[in-house]
Amino acid sequence: MMVEVRMPKPGNAVESCLLLAWKKEVGEAVRAGEVLCEIETDKAVMEVESPADGVLLQRLAEAGQEVPVQTPIAIVGKPGAGAPTHPLPPASDRRKPGISPRARRLAPQEILESVSIGGSGPGGRIIERDVCKALEHSPPSASGPGFASLAPPEPWQAVPLQGVRKRVAERMLHSLQQSAQLTLQAYVEVEGLLKLRAELKHHSDPRFREVNLNHLLLYALARTLPQFPELNACLVGDTLYQYRAVHLGFAVDTPRGLLVPVLQHAERLGLLELAQKVRQLSEEARQGKAAPQALQGGTFSVSNLGSLGIEVFTPILNSPQVAILGVGAVGLRPVQDGPEVVFRPHLPLSLTFDHRATDGAPAARFLQALGQRLTDPLCLLAL
């Protein structure tokens with residue numbers, strides 16, 4: 001008896017997953033529930049388990065290959081049962097079983113026609129790594145189709161977009177193409193906020209010592225957004241969905257790419273609870289252990305590049321959300337203080353919003369209100 005192992009469907013919106021690595025070799029004994037391979041969605045790394053006891057008879061997809069959900073990726077059966085005479089091709093490859101979809105997208109037509117590519121996939125199927133190897137030995141000319149802007153041939157590496165990077169690329173392009181994005185920039189004086197942060201570092205309660213400037217910013221933001229429902233919203237088609245609850249997404253740089261965990265009901269969280277949840281969600285995202293639901297349902301997003309020394313940038317909307325706040329590095333700016341000019345620390349904020357959903361004046365008032373709370377620490381702690 002043989003049992004198919006299929007690529008799981010982690011969520012309703014997931015159409016394919018990247019097969020990261022096999023944990024079992026063909027011919028190796030496996031038990032039901034034992035991990036066969038690791039896969040990656042656009043949100044997390046997951047394990048695929050064997051559905052039965054037996055032997056891994058055949059692998060129908062290779063590491064590095066993106067496979068449609070519910071497609072067979074392996075065969076498990078009793079020792080000596082044998083494997084199917086013909087490998088089962090991925091569903092998206094039925095038009096031409098000899099080459100995988102990712103390999104076809106990666107290889108220019110002239111390479112497929114003029115270069116003899118040996119297939120190392122199941123049944124001699126040409127997969128992505130075969131095309132990359134062929135391209136290394138036959139770099140495209142500057143005049144070739146799709147490569148008009150490349151420099152003269154030299155050692156290079158073809159790196160296909162896949163996994164999280166591919167999803168980010170698709171979403172950012174869709175965001176810019178489908179929305180009317182405008183960015184407002186402001187500088188907020190934060191001398192008092194920095195003093196508050198310094199005092200917290202010496203607090204008798206060790207939990208307060210873990211609170212950083214980003215936590216204070218997110219806390220102020222979660223308390224400000226409820227007064228601006230037109231920004232705490234999502235635009236779907238011709239309908240603007242405004243939310244009373246603040247589900248605050250914050251960008252996290254991970255080894256797999258950009259992920260955006262979501263603080264559910266951030267407006268209800270106290271400062272210490274918010275700081276603890278931010279640390280927890282950030283660590284889970286970096287380790288690839290974030291649950292899918294922890295990366296969904298945001299109503300507003302924040303991207304903070306201040307720790308990398310970036311002062312001002314233009315964040316791109318996390319569609320269908322209508323606003324995102326970019327946070328830069330604190331720097332000194334001149335301020336008129338009576339007859340003198342003094343330099344005080346300022347925090348640069350860049351608010352990108354969808355002009356279809358709201359106008360510049362409400363967006364400016366939001367930045368003004370947020371700035372007032374960040375400038376006055378007593379006002380912030382009283383929220």
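Only this structure's heavy atoms are used, side chains among them; waters, hydrogens and symmetry mates stay out.
- Remark: the backbone N or O of Arg356 is paired with a side-chain donor or acceptor of Asp354 at under 3.5 angstrom.
- Without hydrogens or angle criteria, Thr224 side chain to Leu370 main chain gives no donor-acceptor distance under 3.5 Å.
- Between Ala233 and Gln242, the closest heavy-atom pair is CB-CA, 4.0 Å.
- Heavy-atom contacts from other residues, nucleotides or ligands closer than 6.0 Å to NE2 of His174 number 12 or fewer.
- At least one side-chain heavy atom of Leu325 sits less than 4.5 Å from a side-chain heavy atom of Leu367.
- Residues meeting the salt bridge (Lys or Arg N to Asp or Glu O under 4.0 Å) test with Glu267, sequence neighbours left out: none.
- Between the CZ atom of Arg209 and the NE2 atom of His202 there is a distance of 9.5 Å, given to the nearest 0.5 Å.
- Note: the hydrophobic cluster containing Leu374 also contains Val330 (ILVMFWY, side chain heavy atoms under 4.5 Å, direct or indirect links).
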Donor-acceptor list for residues 339-347 side chains, cut-off 3.5 Å, not counting sequence neighbours:
{"from": "Arg344", "atom 1": "NH2", "to": "Asp337", "atom 2": "OD2", "distance (Å)": "3.1"}
{"from": "His346", "atom 1": "ND1", "to": "Arg344", "atom 2": "O", "distance (Å)": "2.8"}

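- Between Val3 and Pro51, the shortest heavy-atom distance links the atoms CG1-CG, 3.6 Å.
- Here the CG atom belonging to Leu56 is positioned 10.5 Å from the CD atom belonging to Glu34, to the nearest 0.5 angstrom.
- When atom types are taken as modelled, the side chain of Gln336 and the backbone of Gly338 share a donor-acceptor pair closer than 3.5 angstrom.
- At a threshold of 4.5 Å between non-hydrogen side-chain atoms, the residues Glu273 and Arg268 do not count as touching.
- Considering CD of Gln185 and OG1 of Thr314, their distance stands at 5.5 Å, rounded to 0.5 Å.
- When the side chains of ILVMFWY residues are joined at heavy-atom separations under 4.5 Å, either directly or via intervening members, Leu184 and Leu231 end up in a single hydrophobic cluster.
- The two residues Ser350 and Thr183 come nearest to each other via the heavy atoms CB-CG2, 4.0 Å.
- No donor-acceptor distance shorter than 3.5 angstrom exists from the side chain of Ser319 to the backbone of Gln321, with no hydrogens or angles considered.
- Side-chain contact between Pro10 and Cys17 is present, with heavy atoms from C-beta onward closer than 4.5 Å.
- Of the possible polar contacts, one joining the Arg59 side chain to the Lys24 backbone as a donor-acceptor pair under 3.5 Å is found.
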Stepwise side chain to side chain contact (heavy atoms under 4.5 Å, CB included) check, Ile324 with Ile316: CA-CA 7 Å; Ile324 182 173; Ile316 298 176; over 6 Å; no
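- Val312 forms part of a hydrophobic cluster together with Tyr187, judged by ILVMFWY side-chain heavy-atom separations under 4.5 Å.
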Walk me through it: do Leu281 and Leu295 pass the test side chain to side chain contact (heavy atoms under 4.5 Å, CB included)? CA-CA 9 Å; Leu281 290 170; Leu295 302 169; over 6 Å; no
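- Two residues are said to be in side-chain contact when any heavy atoms from C-beta on lie closer than 4.5 Å; Tyr243 and Leu225 fail this criterion.
- Considering only heavy atoms from C-beta on, Leu216 comes within 4.5 Å of Leu271 through its side chain.
- For the residue pair Glu66 / Ser16, a side-chain donor-acceptor distance below 3.5 Å is found, with atom types taken as modelled.
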Check the pair Arg197, Asn212 against side chain to side chain contact (heavy atoms under 4.5 Å, CB included), reporting the backbone distance first and the verdict last. CA-CA 7 Å; Arg197 168 68 183 108; Asn212 59 35; 4.1 Å; yes
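- Without hydrogens or angle criteria, Asn232 side chain to Pro226 main chain gives no donor-acceptor distance under 3.5 Å.
- Separation of atoms CG (Leu274) and OH (Tyr219) is listed at 9.0 Å; rounding is to 0.5 Å.
- Listed by first and then second residue, the ring pair (Phe, Tyr, Trp, His ring centres under 6.0 Å) pairs involving residues 256-281 are His247-His265 (not counting sequence neighbours).
- Note that the CZ atom of Phe366 and the OG1 atom of Thr358 stand 11.5 Å from one another [nearest 0.5 Å].
- Phe300 is not connected to Tyr241 by any chain of hydrophobic side-chain contacts under 4.5 Å among Ile, Leu, Val, Met, Phe, Trp and Tyr, and they are in different clusters.
- Val262 and Leu259 are assigned to two separate hydrophobic clusters, defined by single-linkage of ILVMFWY side chains at heavy-atom distances under 4.5 Å.
- More than 12 heavy atoms of other shown residues, nucleotides or ligands fall within 6.0 angstrom of atom CD in Glu191.
- Within the 4.5 Å cutoff, the side chain of Asn304 has no heavy atoms near those of the Phe250 side chain.
- The heavy-atom pair separating Ala245 from Thr299 by the smallest distance is O-OG1, 4.0 Å.
- Across all their heavy atoms, Arg223 and Arg373 have their closest contact at O-NH1, 3.2 Å.
- Listed for the Ser179 side chain is no donor-acceptor partner under 3.5 Å among the backbone atoms of Gln181.
- Applying the salt bridge (Lys or Arg N to Asp or Glu O under 4.0 Å) test to Lys277 and every residue at least two apart in sequence or in another chain returns nothing.
- Grouping Ile, Leu, Val, Met, Phe, Trp and Tyr residues whose side-chain heavy atoms lie under 4.5 Å apart, directly or via other members, places Leu308 in a hydrophobic cluster with Leu305, Ile310, Phe313.
- Here the CD atom belonging to Glu311 is positioned 9.0 Å from the CZ atom belonging to Arg333, to the nearest 0.5 angstrom.
- Each of Gln65, Glu40, Met7 was evaluated against Leu18; a single residue qualifies, Glu40, per the side-chain contact (heavy atoms from CB on, under 4.5 Å) test.
- Of all heavy-atom pairs between Cys37 and Trp22, the closest is CB-CE3, 3.6 Å.
- Taken together through direct or relayed side-chain contacts under 4.5 Å among Ile, Leu, Val, Met, Phe, Trp and Tyr, Phe353 and Leu235 form parts of separate hydrophobic clusters.
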Check the pair Gln372, Thr375 against side chain to side chain contact (heavy atoms under 4.5 Å, CB included), reporting the backbone distance first and the verdict last. CA-CA 5 Å; Gln372 289 172 349; Thr375 299; 5.8 Å; no
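- A heavy-atom distance below 4.5 Å is found between the side chains of Asn214 and Leu217.
- Counting heavy atoms from C-beta on, the side chains of Val55 and Lys78 never come closer than 4.5 Å.
- When each of Leu248, Asn318, Leu317 is tested with Ser301 by the rule side-chain contact (heavy atoms from CB on, under 4.5 Å), just one qualifies, namely Asn318.
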